[in-house]
Amino acid sequence: MKQEIIRIDLQGVNCYLGKSGDSFILFDTGGHTIIDKQFTDRRESLEKELEKAGCKPGNLKLVVLTHGDNDHAANAAYIREKYKAKIAMHPYDLELVENPDIEKVMGSFRYKSLIHKLIFLFMKRIIRKISIKTLDDFTKFRPDILVDEGYSLAEHGFEAVIVHTPGHTAGSIGIISAEGDLVAGDMFTNIKKPDTAPNAYDFKSMEISVDRLRNMNIRTVYPGHGEPFEAKQLVQ
């Protein structure tokens, strides 16, 4: 059966729908970002895009979270309740959705480049303040399914497998479809150009994850932020 990945652009962060026939899997759920001019969880926009795509209660089979950050997981509990779809994610990010606190949330705000480090130091107080506000608005939840390397989504109606890609967070995952497309979460971005994420809890782990992905014959990368791009565009 023909499969496709549909981008849902929530203005600053992406979700994706994996469509196979009349059934769907939602990859990430959107949420607040630290650069929002207006405080929003993007829930209304997400629901409008789901409806537009024909995704509704009954044909949404699963919600897969690429990691536990608020901007990707904030609407997961709501979508589960309304659409009666289970939530799947890696166990290493459970603390970010079950019992998050400000220190856990700020764990991935580490930067490699000097300019990003300086910007973060300058903005740290504001970022912390916004992060505390998003925590207050976050609905905690327990995932229904814990996934790890090699987990197949076939039983949920979509031919794809999970690959564990620690780096941005400990429990970051990618989803590789049978067609060779990668839903990457925040492993990769495409804001100005295709690149790895500028921030991570562990850059060494991220480098290892990136090297593994480069050897997996991936065709198209669907990043958490920015437009999808061909995998060959990544600078070696």
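Below, all heavy atoms of this structure are taken into account, side chains as well, without hydrogens, waters or symmetry copies.
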Nearest non-hydrogen partners of [X] and [Y], listed with the distance:
X: Phe229; Y: Gln233; answer: CB-OE1, 3.3 Å
X: Val147; Y: Ala88; answer: CG1-CB, 4.0 Å
X: Asp9; Y: Asn14; answer: CA-OD1, 3.9 Å
X: Pro198; Y: Phe203; answer: O-CZ, 3.4 Å
X: Glu159; Y: Ala154; answer: OE2-CB, 3.7 Å
X: Thr196; Y: Thr189; answer: O-OG1, 4.1 Å

Exam field: side chain [X] to backbone [Y], donor-acceptor pair closer than 3.5 Å:
X: Ser209; Y: Pro166; result: yes
X: Asn215; Y: Asp211; result: yes
X: Thr169; Y: Ser172; result: yes

To the nearest 0.5 Å, tell me how far [X] [atom1] sits from [Y] [atom2].
X: Asp181; Y: Gln3; atom1: CG; atom2: CD; result: 9.5 Å
X: Leu62; Y: Ile145; atom1: CG; atom2: CD1; result: 5.0 Å
X: Ser205; Y: His164; atom1: OG; atom2: NE2; result: 8.5 Å
X: Arg42; Y: Asp71; atom1: CZ; atom2: CG; result: 8.0 Å
X: Arg219; Y: Ile176; atom1: CZ; atom2: CD1; result: 12.5 Å
X: Glu4; Y: Phe24; atom1: CD; atom2: CZ; result: 8.0 Å

Got [X] and [Y] here, is their nearest side-chain heavy-atom distance under 4.5 Å?
X: Asn199; Y: Phe120; answer: no
X: Tyr78; Y: Thr139; answer: no
X: Asn75; Y: Val63; answer: no
X: Ile25; Y: Ile175; answer: no
X: Leu153; Y: Phe27; answer: yes
X: Val183; Y: Val64; answer: no
X: Leu17; Y: Lys19; answer: no
X: Ile87; Y: Val97; answer: no

Practice problem: May I ask you to check whether Asp137 and Thr134 show a side-chain donor-acceptor distance below 3.5 Å? | Solution: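 No donor-acceptor contact under 3.5 Å links the two side chains.
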Practice problem: Please check if any side-chain donor atom of Glu179 sits under 3.5 Å from a side-chain acceptor atom of Ser177, or the reverse. | Solution: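 Yes.
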Exercise. May I ask you to decide whether Glu98 forms a salt bridge with Arg142, counting only side-chain N to carboxylate O separations under 4.0 Å?
Key: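 Salt bridge between Glu98 and Arg142, a charged N being under 4.0 Å from a carboxylate O: yes.
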Exercise. Taking only Lys NZ, Arg NE, NH1 and NH2, and the carboxylate oxygens of Asp or Glu, determine whether Glu47 and Arg43 approach each other closer than 4.0 Å.
Key: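 Salt bridge between Glu47 and Arg43, a charged N being under 4.0 Å from a carboxylate O: no.
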Quiz item: Given Met123 and Ile34, is the side-chain contact (heavy atoms from CB on, under 4.5 Å) satisfied, shown in steps?
Solution: CA-CA 10 Å; Met123 298 289 293; Ile34 60 171; over 6 Å; no
When clusters are formed by joining ILVMFWY residues with side-chain heavy atoms under 4.5 Å apart, either directly or through shared neighbours, do [X] and [Y] land in the same one?
X: Leu114; Y: Tyr111; result: no
X: Ile208; Y: Val210; result: no
X: Leu65; Y: Ile162; result: no
X: Ile8; Y: Ile79; result: yes
X: Met89; Y: Val163; result: no

Practice problem: Check the pair Phe188 / Leu182 against side-chain contact (heavy atoms from CB on, under 4.5 Å), numbers first and verdict last. | Solution: CA-CA 10 Å; Phe188 299 112; Leu182 170 68; 4.0 Å; yes
Practice problem: Start with the C-alpha gap between Val221 and Asn190, add the side-chain angles, then the distance that decides, and say whether side-chain contact (heavy atoms from CB on, under 4.5 Å) holds. | Solution: CA-CA 10 Å; Val221 177; Asn190 187 16; over 6 Å; no
Quiz item: Do any pairs count as a side chain to side chain donor-acceptor pair (under 3.5 Å) and have a residue in residues 50-64, sequence neighbours left out, and if so which ones?
Solution: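 For residues 50-64, and leaving out neighbouring residues, the side chain to side chain donor-acceptor pair (under 3.5 Å) pairs sorted by first residue read Glu49-Lys52.
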Quiz item: side chain to side chain donor-acceptor pair (under 3.5 Å): which pairs involve residues 83-92, sequence neighbours left out?
Solution: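 As it turns out, the side chain to side chain donor-acceptor pair (under 3.5 Å) pairs with a partner in residues 83-92, which skip direct neighbours, are His90-Asp148.
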Heavy atoms from other residues, nucleotides or ligands near [atom1] of [X] exceed 12 (cutoff 6.0 Å):
X: Asp22; atom1: CG; answer: no
X: Ile115; atom1: CD1; answer: no
X: Glu81; atom1: CD; answer: no
X: Ile35; atom1: CD1; answer: no
X: Glu149; atom1: CD; answer: yes

Exercise. List in chain and number order the residues that pass ring-ring contact (aromatic ring centres under 6.0 Å, His included) with Tyr16, two or more places apart in sequence or in another chain; answer none if no residue qualifies.
Key: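 If we apply the ring-ring contact (aromatic ring centres under 6.0 Å, His included) test to Tyr16, skipping adjacent residues, the hits are Tyr222.
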Practice problem: Please identify each residue that fulfils ring-ring contact (aromatic ring centres under 6.0 Å, His included) with His32, with sequence neighbours left out. | Solution: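 Per chain and number, His32 pairs via ring-ring contact (aromatic ring centres under 6.0 Å, His included) with Phe39.
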Quiz item: Excluding sequence neighbours, so at least two apart, what forms salt bridge (Lys or Arg N to Asp or Glu O under 4.0 Å) with Glu230?
Solution: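 For Glu230, the residues satisfying salt bridge (Lys or Arg N to Asp or Glu O under 4.0 Å) (neighbours in sequence not counted) are Lys232.
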Exercise. Start with the C-alpha distance between Thr66 and Met187, add both sets of side-chain angles, then the distance that settles side-chain contact (heavy atoms from CB on, under 4.5 Å), and finish with yes or no.
Key: CA-CA 9 Å; Thr66 61; Met187 171 63 66; over 6 Å; no
Can you give each donor-acceptor pair under 3.5 Å made by side-chain atoms of residues 103-110, sequence neighbours left out, with the distance rounded to 0.1 Å?
from: Glu103; atom 1: OE2; to: Arg128; atom 2: NH1; distance (Å): 3.4
from: Glu103; atom 1: OE2; to: Arg128; atom 2: NH2; distance (Å): 2.9
from: Lys104; atom 1: NZ; to: Asn99; atom 2: O; distance (Å): 3.1
from: Arg110; atom 1: NE; to: Gly107; atom 2: O; distance (Å): 3.3
from: Arg110; atom 1: NH1; to: Tyr201; atom 2: O; distance (Å): 2.8

